[in-house]
Amino acid sequence: MTGVVDAEAVTKRYGEVLGLNGFTATFAEGITGLVGPNGAGKSTLFRLLAGQLRADAGRLTLLGQPAWGQGEFRRRVGYCPESLALFDWMTGNDFVTTLLRLDGFSRAEAAERSARAIAEVDLTADSDRRLRVYSKGMRQRVKIAQCIAHDPELILLDEPLNGVDPVGRAALSALMRQLSAAGRHLIVSSHVLYEVERLTDRIVMIANGQAIAQGDLHRIRDLIDSHPHVIDLESPDPRALGRALGAWDHVVSLEYPEPGRLRVLTRAPDTFYAALPELVLTEGFVVRSVRSADDNLDAVFRYLSEGRR
Amino acid sequence: MSISAPRYVQGPVVRVSRSSRTFAIFEREFRRRATLGPLFIIALTWFIVIIWVVTTVYFATLTGGSIRSSFEAPYESAIWGLLLLIVTAAVGAGSLADDLGSRAITLYLSRPIRLADYLVGKASAVGVWLLIASVGPECVAAGVSAALGFTSTSTALVVVGAAFAVGLVMAVFFTGIALALSSVTRRSLYAGVAIFGTVLSVTAAVSVVSGITGNADLLYASLASNTQGIAEAAFGLPAPYATDPVWSAGLMVATGVVLAFLAWLRLSRIEVVGE
């Protein structure tokens with residue numbers, strides 16, 4: 001394995017609880033999404049990468065160095081933890097400057113870099129306010145500022161968009177893409193799956209402390225074509241439509257979640273999509289919308305994690 | 001909201017040494033504790049001790065009493081010890097507990113610093129505040145007494161030296177206690193209560209037990225007795241002392257160092273687990 005981050009059978013226990021359970025994955029250059037539900041082990045992996053936890057078993061390297069420890073190579077890594085707790089008594093500018101000084105920058109250089117990083121996350125106007133008055137979104141942004149201010153090669157972002165408003169999310173996503181374009185490698189975790197999907201096609205999916213899939217999102221999507229696929233339809237007469245669809249072999253089940261809506265579970269989505277227009281035309285059904293509930297990462301994750309139980 | 005594209009123009013970066021990075025931690029921690037509560041307690045300590053010492057020295061000049069004994073008087077009282085205990089709780093209880101409680105320690109330790117650097121930075125900040133509280137008032141009192149003609153300049157300088165010697169020992173001891181107890185909890189309030197509870201209960205228990213049994217060796221477990229012993233010797237008072245000053249100083253410094261080491265041990269094993 002020769003990725004930016006390589007994990008081989010990494011196990012981390014918290015007493016009786018398994019944080020990571022033989023986690024094996026390779027994180028390539030560019031942006032990689034680490035996707036999984038809460039409690040899947042994402043933050044444990046980040047803390048292991050940040051050198052704050054020590055793996056009980058397995059091998060974990062980042063930038064070719066063992067992850068455990070506080071060596072000088074930490075300068076090449078930027079870490080944005082999930083926790084929103086900061087040094088509340090500091091101003092945003094003090095916060096970033098202090099952490100830069102711990103990276104070994106002189107006072108003047110730290111101040112200059114801090115101002116630049118704070119500008120990059122659009123916090124300049126608030127940089128002299130204390131962190132205790134920052135909103136959740138501002139805290140996320142100042143955390144990202146401290147994470148990129150020392151110009152690291154590898155940037156670890158644990159749930160970076162959590163709590164950020166939609167406009168801020170778009171802006172931060174753009175920043176992440178810019179960082180990647182500038183040659184930085186990013187590992188971005190999220191349980192809000194569509195955000196990662198919009199950021200990158202390359203993902204590592206984690207559940208119960210294990211990597212359940214990794215690689216190109218679309219290829220992963222192909223892997224699950226054999227699983228039942230959920231399709232939502234809107235129709236003024238969903239029951240009549242349902243009776244017709246129920247006759248198809250590949251339709252596993254029908255649900256009527258609310259008036260005017262029909263949810264179909266099919267084992268052959270391609271066949272379904274091909275045959276639906278003909279059915280509508282020949283039988284005269286009115287279908288106002290067709291939407292696949294499985295077109296996002298959430299569905300991919302759900303299928304894969306259920307398949308491993 | 002707009003976010004500008006980052007510009008990475010990597011020039012030659014001169015990195016500062018580990019000691020400079022440790023100093024950055026010290027500087028922030030020191031400034032962090034400069035809040036109303038600790039400053040009030042320290043100001044109160046200064047006010048009480050300065051008035052006390054200058055007044056005692058003045059009356060000693062009138063009655064022909066011992067000047068050095070007058071300067072040493074606060075160490076014989078439980079009041080100063082109690083004030084220093086309050087200062088310790090105010091500046092030291094949250095030194096590690098606050099970072100652990102907020103998990104902000106992860107931000108420190110994700111940088112290229114060692115746990116020892118982090119602890120040294122924190123300990124230095126607590127220690128300097130304690131030195132300000134413990135040495136400062138005696139120095140000012142000596143200066144004022146000399147300026148008012150109550151004592152000679154040479155005696156005042158001896159007093160300053162003695163105050164530094166005793167204050168340094170006390171600062172090491174109290175810093176060790178603060179770090180150790182602050183490392184075992186995530187709440188500074190609990191650490192503060194523990195600092196008080198531990199020192200006061202041990203001191204009280206030792207006084208009672210040594211009084212009942214008549215065993216003077218037990219006094220080496222008492223902060224008050226050790227401080228008195230060291231101060232009496234440092235200020236040049238005639239023997240016998242409450243305790244052997246060398247043993248007392250060694251014991252207090254060793255206790256402070258061991259407690260600081262325990263804090264390091266505790267932090268090195270702690271895993272900052274999130275929500």
Side-chain angles (χ1 to χ4, degrees), chain A residues 14 19 43-44 47 50-54 70-75 77-79 81-83 85-90 94-95 98-107 109-110 116-117 119-122 141 143 146 148 150-151 156 158 165 167-168 170-172 174-175 178-179 181-184, chain B residues 1-36 94 98-118 121 186 188 267-275:
Chain A
Y14 302 112
S43 293
T44 297
R47 289 195 185 99
Q52 290 163 8
L53 297 179
R54 187 174 200 165
Q70 303 302 125
E72 293 293 316
F73 81 101
R74 288 273 160 223
R75 286 176 175 153
V77 181
Y79 173 49
E82 181 186 7
S83 168
L86 304 169
F87 305 117
D88 281 350
W89 49 279
M90 287 185 186
D94 272 350
F95 172 68
T98 297
L99 292 173
L100 278 168
R101 288 182 66 194
L102 299 187
D103 276 312
F105 291 103
S106 66
R107 199 184 295 259
E109 174 90 12
R116 204 186 315 153
E120 281 171 9
V121 296
D122 197 29
R141 283 190 275 152
K143 273 195 315 182
Q146 65 81 26
I148 63 174
H150 58 294
D151 190 16
L156 307 170
D158 197 356
D165 61 69
V167 178
L172 287 178
L175 175 65
Q178 288 162 0
L179 287 165
R184 271 61 209 167
Chain B
M1 174 179 171
S2 68
I3 289 180
S4 60
R7 296 174 303 284
Y8 288 104
V9 185
Q10 182 82 323
V13 175
V14 180
R15 306 278 188 169
V16 297
S17 63
R18 261 180 75 193
S19 55
S20 298
R21 286 178 261 161
T22 305
F23 183 76
I25 297 174
F26 159 78
E27 197 184 321
R28 291 299 166 189
E29 182 67 15
F30 184 79
R31 277 177 50 188
R32 179 185 191 176
R33 302 299 162 195
T35 53
L36 207 58
D98 286 345
D99 287 351
L100 288 170
S102 68
R103 288 177 296 279
I105 190 173
T106 59
L107 290 165
Y108 272 122
L109 298 183
S110 65
R111 311 322 262 209
I113 59 162
R114 295 170 193 203
L115 183 56
D117 302 335
Y118 169 78
R186 290 168 189 245
S188 53
L267 284 189
S268 65
R269 275 152 181 72
I270 213 161
E271 294 184 328
V272 186
V273 181
E275 312 54 11

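Note on naming: letters A, B, ... go to the chains in the order of the sequence lines (proteins, then strands), and numbering restarts at 1 for each one.
- For the atom pair CZ (B:Arg28) and CG (A:Leu99), the distance works out to 9.5 Å, reported to the nearest 0.5 Å.
- Partner of A:Arg101 under the side chain to side chain contact (heavy atoms under 4.5 Å, CB included) criterion, chosen from B:Arg21, B:Arg111, B:Glu27: B:Glu27.
- The choice from A:Asp94, A:Val77, A:Leu156, A:Thr44 that makes the most heavy-atom pairs within less than 4.5 Å of chain B is A:Asp94.
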For A:Trp89 and B:Arg33, what are the C-alpha separation, side-chain angles and deciding distance, and is it a side-chain contact (heavy atoms from CB on, under 4.5 Å)?
-> CA-CA 10 Å; A:Trp89 49 279; B:Arg33 302 299 162 195; over 6 Å; no
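- Note: A:Arg74 CZ to B:Arg114 CZ = 13.0 Å, rounded to the nearest 0.5 Å.
- Between A:Leu102 and B:Tyr108, the shortest heavy-atom contact is CD1-CD2, 3.2 Å.
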